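The structure under discussion appears below in the form of structure tokens.
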Amino acid sequence: MLSMHTSPLAALGGRETGGMNVYVREVATLLAAGGGGTSGLKVDVFTRRSDASLPEVAEIAPGARLVQIEAGPAAHVEKEDLPALVHAFAAGVEAFAAAEGVTYDLIHSHYWLSAEAGDALAGRWDVPHAAMFHTLGDVKLRARASEREPEVRLEAERRLVRRLDRVVAATEHERRLLRQIYGVSPSKVSVIPLGVDLDQFSPADRAEARRRVGLPEDERVILAVGRIEPLKGLDILIQSLSAMSDLDRVGLYIIGGDERAQPELHRLATIARACGVEDHVHLLGARGHEELPDYYRAADVVAMPSFYESFGLVAVEAMSSGVPVVASRVGGLASTVVDGRTGYLIAWRCPEPFAEKFDLLFANDELRRALGASARLRMEESYAWTRVAASVAALYDELVAAHARPADATAV
Ligand code: UDP
């Protein structure tokens, strides 16, 4: 697996660390363990070294290694400067494989930078190449006009989607977008959702969870979790508070954001003041993934007001914890959240419908609990990571077999 711009073991909630990191960590671990009925693969995940103190090779889990590749400075590099390092990254992966005497059967890339590196390696090694983009530049631009994406990314994604053996999309919606915007045949796209650890993100007593994370017992708690960036629509969420009919004892807790998210956090605090709701808005900063189950359990409702989500892991984590989700009807959220059954899906960009649903849920404990219970059931039925890993393993088998076929035919 290639995960050039961010490591699966990096702290989450930073500007560039979120769902993709969790995906690579969970899937690599389960594939190596033979989870979900797979036979147990050897997985090497390559990432660009951004920290000189880390060992070259570390274990993610038995059978799954994380390899740091020198490409550019061993420090944080801004995303816009990474395309220039793709070539060095691919060369570093190739050199590592040669030095170790490892040959790989398949490359699975994550995000366009890795797909660019994977494209070069797949040609050199003559192996199949599958990629997940996690986000796509043209899709982001459509979701929020103020987004800016470098031309080099847009060009690379339009080219790479045609060269890959398979694009892995998180939802049918993404498969449709790949056809509509990029002209990719649906047969070249496999839809495999992301998942959730059902044991870790499980329902538990709300009052106890609040004590553990230090949230007040008598508040009505709205929680939002994610990378702090404009696409997450947190400005809409803050504005929605001022549209609520009853703001008494309501607290909005926002988790996410490292030091590089300070300008955006500052913008959100300014909006809260402008709306007169600053006393109700708590910007907590990033929290470790292991702390999040208690935050979800402590919440009455989890909000995802995003302008776009290719999947939206936070929604499935919240629902798995037995908490209803009020989300924009965009991207993956439209398939994970079932309107009126596991929460509510509402028009994006509009604060008022969010306010209306918060009022409704806070006035109806019974309804809130029922939605939370059926959310948990739905996650149990369809979104375990073990299912995801089994689908990924089946896809690998298919691609490796298809790749071997033409060569066999020539031999005969
Ligand atoms: N996350 C975390 N700590 C934080 C913020 C986020 O552990 O402070 C995790 C969150 O639990 C989820 C992931 O980061 O697993 C975010 O994934 P999602 O798909 O919702 O958003 P993305 O980052 O992919 O846009």
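Both counts, for ligands and for their atoms, begin at 1 and track the order of listing. Computed from a predicted model, the values in this text were never measured in an experiment.
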Carboxylate-amine/guanidinium proximity below 4.0 Å for Arg297 and Glu208: no
Nearest-contact summary for atom 18 (P) of ligand 1 - protein heavy atom, Å: Leu313 N, 3.5 Å
Ion pair Asp300/Arg206, N-O distance below 4.0 Å: yes
Phe46 and Tyr104 aromatic ring geometry - parallel, tilted or perpendicular at 30°/60° bounds: perpendicular
Atoms in ligand 1 flagged as close to Tyr296, the criterion being non-hydrogen separation under 4.0 Å: 11 (O)
N/O separation below 3.5 Å, Val314 to ligand 1: yes
Nearest non-hydrogen protein atom, atom 24 (O) of ligand 1: Gly19 N, 3.0 Å
Contact atoms of ligand 1, heavy-atom distance to Ala286 under 4.0 Å: 8 (O)
Atom indices of ligand 1 within 4.0 angstrom of Val22 heavy atoms, with elements: 15 (O)
Identity and distance of the protein heavy atom lying nearest atom 2 (C) of ligand 1: Leu292 CD1, 3.3 Å
Ring pair (Phe, Tyr, Trp, His ring centres under 6.0 Å) between His282 and Tyr253, worked out: CA-CA 5 Å; His282 310 276; Tyr253 293 82; 4.4 Å; yes
Any Phe201 heavy atom less than 4.0 Å from ligand 1: no
is_close_aromatic(Tyr396, His108), centroid dist under 6.0 Å: yes
Of the listed options Met20, Lys232, Arg227, closest to atom 21 (O) of ligand 1 (non-hydrogen atoms): Lys232
Donor-acceptor contact present, side-chain Tyr295 to main-chain Arg287, <3.5 Å: no
Ligand-residue contact atoms, ligand 1 with Gly312, heavy atoms, under 4.0 Å: 19 (O), 20 (O)
Close-contact set for ligand 1 against Ile255 heavy atoms, below 4.0 Å: 4 (C), 8 (O)
Pair Lys232 + Glu229, salt bridge at N-O below 4.0 Å: no
For atom 10 (C) of ligand 1, the protein heavy atom that lies nearest, with its residue and separation: Glu317 OE1, 3.5 Å
Distance-minimising heavy-atom pair for Pro8 and Ile60: CG-CD1, 4.2 Å
Centroid-centroid under 6.0 Å between Phe89 and His5 rings: no
Residue part near ligand 1, for Asn21, under 4.0 Å between non-hydrogen atoms: neither
Numbering as shown, the atoms of ligand 1 that approach Gly256 to under 4.0 Å (heavy-atom distance): 8 (O)
Short N-O contact, Arg369 and Glu366, less than 4.0 angstrom: yes
Protein heavy atom at shortest distance from atom 14 (O) of ligand 1: Gly18 CA, 3.6 Å
Identity and distance of the protein heavy atom lying nearest atom 3 (N) of ligand 1: Arg287 O, 2.7 Å
Protein contact to atom 6 (C) of ligand 1 [nearest heavy atom, distance to 0.1 Å]: Val225 CG1, 3.7 Å
Geometric class of the Tyr23/Trp385 ring pair [parallel <30°, tilted 30-60°, perpendicular >60°]: perpendicular
Shortest protein heavy-atom distance from atom 5 (C) of ligand 1, along with the residue and atom involved: Gly13 CA, 3.3 Å
